[in-house]
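The structure under discussion appears below in the form of structure tokens.
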There are 2 protein chains.
Amino acid sequence: MDKPATIKDVADLARVHAATASRALNPQTRDKVSPRTAARIVEAARTLGYSPNSAARSLRTRTSSVVGVVIPDLRNPVFPPIVRGVEDALREAGYLALLGNTDGDAERERDLLATMRGQQLAGFILATSKRDSLPFGPDVSVVLVNRRTDAGDVASVVADSRAGVHALVNLLVERGHSRIAHLAGPQDTSTGVERHRAFLDGLAAHDLAPVGVEVCAAFSEQAGFEATHKLLAAVRPTAIVAGNDMIALGCYGALAELGLRCPEDVSVTGFNDMPFVDKQRPALTTVRIPHYDIGYEAARLLLERIAAPASPPKRVVLPVELIVRGSVAGPAADRA
Amino acid sequence: MDKPATIKDVADLARVHAATASRALNPQTRDKVSPRTAARIVEAARTLGYSPNSAARSLRTRTSSVVGVVIPDLRNPVFPPIVRGVEDALREAGYLALLGNTDGDAERERDLLATMRGQQLAGFILATSKRDSLPFGPDVSVVLVNRRTDAGDVASVVADSRAGVHALVNLLVERGHSRIAHLAGPQDTSTGVERHRAFLDGLAAHDLAPVGVEVCAAFSEQAGFEATHKLLAAVRPTAIVAGNDMIALGCYGALAELGLRCPEDVSVTGFNDMPFVDKQRPALTTVRIPHYDIGYEAARLLLERIAAPASPPKRVVLPVELIVRGSVAGPAADRA
DNA sequence: TTGTAAGCGTTATCAA
DNA sequence: TTGATAACGCTTACAA
């Protein structure tokens, strides 16, 4: 067990040539070798504990069973289940996931992709949120997560944020709200832009206009806190649609500081249904996104593209679920 | 940009031989080539967007710049910051992280490690929690996270759980508690066992015995919920030390169901200081573990071992911090 | 200081 | 059906 066995060792033990051993051991080409010798070779491989040297194989085949998975930051709670879904789907196909964080930083992303490019990866799953163009040629298999290019030629998996925002707006309108504001996510992210747009035309469908829109500097509690203060300095909505759960939590904090009660004075909604938002006070009304499924589906799509690179890239939209909790009530006027 | 540039392309452009280009591009051997030609080569590499083919390099050098990172489940909130710390330290050294989840399943773990072994990895970071022995020879660089082998010959990074549990016990005793129980984590995990032991001898240091100990089936809310019911069917502690935050949250639920108030009737402590436990009601008293630092340190240690495999394996213990919040008060008797 | 040449382990092509 | 051979891109003695 000192040096790992090579295919030459296996071939010698089975008294065949290395090329034959290669054919016998590769499912693709197994039928090009007689069953008897194939069995002998497989047996030899087992006794030697042979496992192929992936470096040599990659060098020869110009590909590998490793996929690059690029995300902004694993500590953002939406990504762990996505990555887990990716990994599960990859593993079922014998692939492995090479993980990298970019912090949304363009240079760090370029750097990472350059390093990864050297690794003969079979493909990439990109969940970075910036809306710039892709640093890949059409020869590289790519699936985008929660993001789309303007050019429609890249496979992608997204949640139906649009439908989610509409469901939130509809809920608020049904409960009697007409003075509704939006704490938008950063407008250089596709989710930020998309939810903002959906908010506007969701309202428009009810012949309503937003009572105010404030753009947050980040999808963070702090940014949500600050944006809420700015928003409420100007207008008095009875309901606030936040760009995501983190922003909604920041909104909770600012409301408390201003002596406004949620939901009695202001209803609040989030987006993502992060862990523990059901335990907040009040429990947050939000939209649940199938994070794990998004990751799983993205990996499946990538494997499909690896197998058939020429096929037209699919764009999958996964359904979301409205989760109604205590943070939404009728407008204060109803009870006045 | 069709085919990625090879070192030969770079050499041709710089009008030198591939070997010279290799020397110039490798920090190790840069001084073996004249500064002028080296500069020309580096320039050529940049204009061609050259990045070395790692398969070829691995094949030649029998190693790679990729490290296997094996954890039970990324969705467990302790792991994302650890993995992020690992990735940051690796990236600073030009390494990449190959991530795999095992779900604590022995077969899945064996499977994963076998797949990874074929990849010429430079080393492994193992954060799986089972206490079984290592499936590696001494030729493989390994660092353990939150876990140690019984044999002391493997590098590891752990948090000082022992000190953390003692701090919790001391806090409770100072507040006047003497009827203290423990909801232990699974006893086939090293953290579960270690915290249990620390609980017992932390009490013993105050000449106290536990009023009850219930072992949870998992580090989960559900398991904590069930174990709390069992515990309270038998005994009436004034304080409960939970094996981690998830178990503590399960405990919250069971207490509420039994009509017991926290902290008025029962004080509760957790472990880990997960995100959002400060937002629970009551806010959870717990022990903060430097997750990111643990990951970062583990990767640093691994890189050291890769550089000097013969050096004696270090065992790093990182300090923890007691976080006192509303879930701990004096025992009810004080106020009666 | 630079060039030459060999070889890492595998697989694809060609010939037998 | 099997064997011989070359090539993938890189690094490293060794030679110049």
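Letters A, B, ... mirror the listed sequences (proteins, then strands); counts begin at 1.
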- Message: Using a 4.0 Å heavy-atom cut-off, does Ser22(A) contact any base of the nucleic acid, only the sugar-phosphate backbone, or nothing at all?
- Response: base
- Under-4.0 Å salt bridge between Asp103(A) and Arg84(B): yes
- Task: Take atom CG of Asn26(A) and atom P of dT10(C), then tell me their distance rounded to the nearest Å.
- Result: 12 Å
- Query: What residues in residues 59-67 of chain A put a non-hydrogen atom under 4.0 Å from any atom of DNA chain D?
  - Reply: Leu59(A), Arg60(A), Arg62(A)
- Message: Taking Arg40(B) first and then Glu43(B), would you say they form a salt bridge - that is, a charged N and a carboxylate O separated by under 4.0 Å?
- Response: no
- Judged by atom type as modelled, is there a donor-acceptor pair below 3.5 Å linking the side chain of Asp105(A) to the main-chain atoms of Arg108(A)? yes
- Check side-chain contact (heavy atoms from CB on, under 4.5 Å) between Asp111(B) and all other residues, then give those that pass, not counting sequence neighbours. none
- Please list, in 5' to 3' order, the outermost nucleotides of DNA chain D lying under 4.0 Å from any heavy atom of chain B. dG9(D) to dA13(D)
- In whole angstrom, give the distance that lies between atom NE2 of His17(A) and atom C1' of dT10(C). 12 Å
- Task: To the nearest Å, give me how far apart CZ (Arg15(B)) and C1' (dT2(C)) are.
- Result: 15 Å
- Message: Any carboxylate oxygen within less than 4.0 angstrom of a Lys/Arg side-chain nitrogen, looking at Glu87(A) and Arg91(A)?
- Response: yes
- Check: Gly192(A) main-chain N/O paired with Thr189(A) side-chain donor or acceptor under 3.5 Å: yes
- Item | Residue-level proximity of residues 34-53 of chain A to DNA chain D when a heavy atom falls under 4.0 Å | Ser34(A), Thr37(A)
Show me, pair by pair, the donor-acceptor contacts under 3.5 angstrom made by side chains of residues 14-23 of chain B, not counting sequence neighbours?
| residue | atom | partner | partner atom | Å |
| --- | --- | --- | --- | --- |
| His17(B) | ND1 | Ala19(B) | N | 3.1 |

- Message: Given Tyr95(A), which partner from the list Leu302(A), Leu303(A), Leu121(A) fulfils the side-chain contact (heavy atoms from CB on, under 4.5 Å) test?
- Response: Leu303(A)
- Can you tell me if Arg315(A) uses its side chain to pair, donor with acceptor, with the backbone of Ser156(A) under 3.5 Å? no
- Task: Quick one: which residue pairs count as a ring-ring contact (aromatic ring centres under 6.0 Å, His included) with a foot in residues 106-128 of chain A, not counting sequence neighbours?
- Result: Phe124(A)-Phe136(A)
